[in-house]
Structure formats: structure tokens, C-alpha cells
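Note sheet for the following structure.
We name chains A, B, ... by the order of the sequence lines, and we start the count at 1 in each one.
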Protein chains: 2
Amino acid sequence: MNPKPDELHLNAWRLFITAHATLIDTIDRELIAADCIPLHWYDVLVELVEAPAHRLRLYELADKVVLSRSGLTRLVDKLENAGLLKREPNPEDRRGYYAVLTEAGYAALRKAWPIYAAGIQNSFAVHLSDDEAEVFSRVLRKILKSRQTEE
Amino acid sequence: MNPKPDELHLNAWRLFITAHATLIDTIDRELIAADCIPLHWYDVLVELVEAPAHRLRLYELADKVVLSRSGLTRLVDKLENAGLLKREPNPEDRRGYYAVLTEAGYAALRKAWPIYAAGIQNSFAVHLSDDEAEVFSRVLRKILKSRQTEE
DNA sequence: CATCAATAGTTGTATATGCAACTATATTTG
DNA sequence: CAAATATAGTTGCATATACAACTATTGATG
């Protein structure tokens, strides 16, 4: 296996980094400007919405949002303080907790979604045809899958 | 213009965020483990290598690496302290400075490159065919260009 | 089953980075 | 050309997040 990327792939990598930084920056600002929760909070809460019974173990959440355990602890502190989720002890395993979405958390998601959706659409999605979006997704899914199996 | 992304595009967006986080995390760890400069330092120095006379105004650098002015000031402090670049006053405009790559900075880049290249290759590039890399790059370039003209 | 190892989560501490306010210099404008 | 405005960069402060050490609990092993 060749240890070095060619120009084409290297260029793709560098664009990936730069585009990510500017997109996150832009969309996060749009959310803040509209008096909504920041992007990282959204990402956490949306994982809860999609989870069975709107709850996830903290370590699962940390994994899904790619955050360290300690980072997650503090983020959950803030979200709990803001009333958007609550910790619930787990009777099955008394070491751990569930993070459970609250009604206010769900409301925060609903409020933010139109802004977030518009940001994704205008800054990102409009630039991808359906075919391009499929290539894009397929590639990133492959990358993520390979990481899972390695570690 | 439809204000909401469809499922396909939304999925691409979420993969984009997650894949970015895990890739940066992995590659940065590889660099640190190999006793090289961290990824963000690399990104700064590589912009200098590619700039005319290996120098850029600080604000240009901030722009290229998508960092706030104050963030850049501090990053440049660290890099200058480590001897990897130096600030040079600009005779044309005495408000500002150039960041100029030093020999040690160039050496740090050379040392890190094999590790970084292997990381890009193994974690990212192997998953993109040439065609996919072209689609990927084209899309991200389009995104970046649109942001430039808007702001 | 008693000990040892592994796991879930938290906390102390260090680093990173943004915003707003500030200094110094340059540019514009009446 | 003097005053007002804009720009380059830095600094004080607040927030974010990682690592390592810690507590509590669970699981594995002789």
C-alpha cells in the first residue's frame, strides 16, 4: 500500500479540512444569531431524539458525538442545567446514567431545526447534486466503517 | 429555493461532521505519537511553505487556516517560541507583521510529512477512487467559493 | 467467593480559542 | 490637512475540551 496520497487526494483532504471549518463556523453563527442552541448542543440532543425512548447511556452519547468522556460530562452538565435533558440512574448498572431528552430539549430542537436546516441547505446541500451527495455519503460511510473495525 | 435539505443531503451532512471529527482526532494522535508537531501547526506552516518567499501577513494566515485573529496571535506566539517561524515587521505597513518560516519550521514539516501523509492515505485517501476524489474536491471547492463571494 | 482487572462517570488541571476592548497605524472625507 | 473611520495585531476574560487521576461499581479468574 502506497504510504502517500497523490495530489488529487491530498487536495481533497485539504479542502475537507477548510470547508468543514468554514461551514461549522457559519452555521453555528446563524444558530446563535437566531437565539437557538449551538450546533454541538443540537448534535447531542438529536442523538437522543433518535434513540429508543429518547435516552442513551452517557458513553454511547460520547461516542456518537465524538467527544471525550470528560468533555461529555461537562456538556451534559450544561444541557441538564439548561433543562434540555436529565440524567437518570440506570437500575441495571449502577455505575452509569442515561441522558434523557426533556420536553424543553425537544422544544429547543424544534426551534433550532428551521435555522439549522436552512444553513445546511444554503451553505452545503445546494452545492451537491443527488449523485454527488450519494458519492459523498458513500465515501464518508466507508471511512467511518473502517475506523470502527480498526479500533 | 427549498429551505430544507432532503434525507440524502442531510445524511451527507451528518457523515461530514462525524467523519471529520474522527479523522482529525486519529491523525493528530498519530502525529503526536510520532513526536511531531500537531496537525494545526502543520497546517499553518504548510501555508507558509507555499507562500511567496515563505511569508504571509498574519491576517492572511488567519484566513487560510480559518482561525480568529486572536487565536492566530496565540498560535503564532507558540510557533515563534518553538522557533518554527518568526514575525517580521512590514516596512510597507507598520501596523502589521509577516510570519516567516524558519529553517527549523521547514525541518518540522519535513519530519511530520511522512506520518501525516501515511495518516491521510490510510484513514482517508484509500477510501476514495480517483473519480470519487474528483467529485469530493469539486463539491468542496464549490462550497468554499460560494462562501467567499457571499461575505 | 476473594481478589484483580475492567468499565462508567466525574473532577483537577492544562491548553485552545473566541469575543470585546485596546493600541498603533493607515485611509478616507469634509 | 484635521478629524473620523477602518484595519492589524494583541490582550483580558470566558468557555470548551482533553488527559490523568480518582470513586464506584461490575465482571473475570484462580
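- For A:Arg74, the side-chain atoms get nearest to C:dT11 when compared with the rest of C:dA16, C:dT11, C:dT10.
- Atom pair A:Leu31:CG and C:dG18:P shows a separation of 17 Å (rounding to whole Å applied).
- When heavy atoms are screened at a 4.0 angstrom cut-off, B:Asp93 is found touching the sugar-phosphate backbone but no base atom.
- Checked by distance alone, A:Arg95 brings no side-chain donor or acceptor within 3.5 Å of a matching partner on the base of D:dT26.
- Straight-line distance from the CG atom of A:Leu67 to the C1' atom of C:dA16: 14 Å, rounded to whole Å.
- The NE2-C1' distance, from B:His40 to C:dG18, rounds to 14 Å in whole Å.
- Contact between B:Asp130 and A:Leu8 at its shortest, heavy atoms only, is O-CD2, 3.6 Å.
- Look at A:Lys78 and you won't find any side-chain N or O under 4.0 angstrom from OP1 or OP2 of D:dT15.
- Residue A:Arg94 is in sugar-phosphate contact alone, with no base atom involved, counting any heavy-atom pair closer than 4.0 Å across all strands shown.
- The CD-C1' distance, from A:Glu88 to C:dA8, rounds to 17 Å in whole Å.
- In this structure, the CG atom of A:Asp28 is 12 Å from the C1' atom of D:dA16, given to the nearest Å.
- C:dT27 atom P lies 10 Å from atom CD of B:Glu92, rounded to whole Å.
- Residue-to-nucleotide proximity on DNA chain C shows that, of A:Arg29 and A:Val76, the 5′-proximal contact is made by A:Val76.
- With D:dT10, C:dA8, D:dT11 as the choices, the nucleotide that has an atom nearest any side-chain atom of B:Leu58 turns out to be D:dT10.
- In this entry the distance linking CG of B:Leu39 with C1' of C:dA16 reads 14 Å, nearest Å.
- A straight line from CG of A:Asp77 to P of D:dT17 spans 13 Å, rounded to a whole angstrom.
- No engagement by B:Leu75 is indicated, since no non-hydrogen atom pair under 4.0 Å with the nucleic acid exists.
- Phosphate proximity of D:dA8 to B:Arg57: absent, as no side-chain N or O sits under 4.0 Å from OP1 or OP2.
- Formation of a donor-acceptor pair under 3.5 Å by the B:Ser137 side chain with backbone atoms of B:Glu134 is not found in this model.
- Of the N and O atoms on the side chains of B:Asp6 and B:His9, at least one donor lies less than 3.5 Å from an acceptor on the other residue.
- Checking C:dG9, D:dT10, D:dA18 against the side-chain heavy atoms of A:Ser68 singles out D:dA18 as nearest.
- Between A:Phe124 and A:Phe136, a ring centre-to-centre spacing shorter than 6.0 Å is recorded.
- Using a 4.0 Å cut-off between charged nitrogen and carboxylate oxygen, B:Asp63 and B:Arg57 do not count as a salt-bridge pair.
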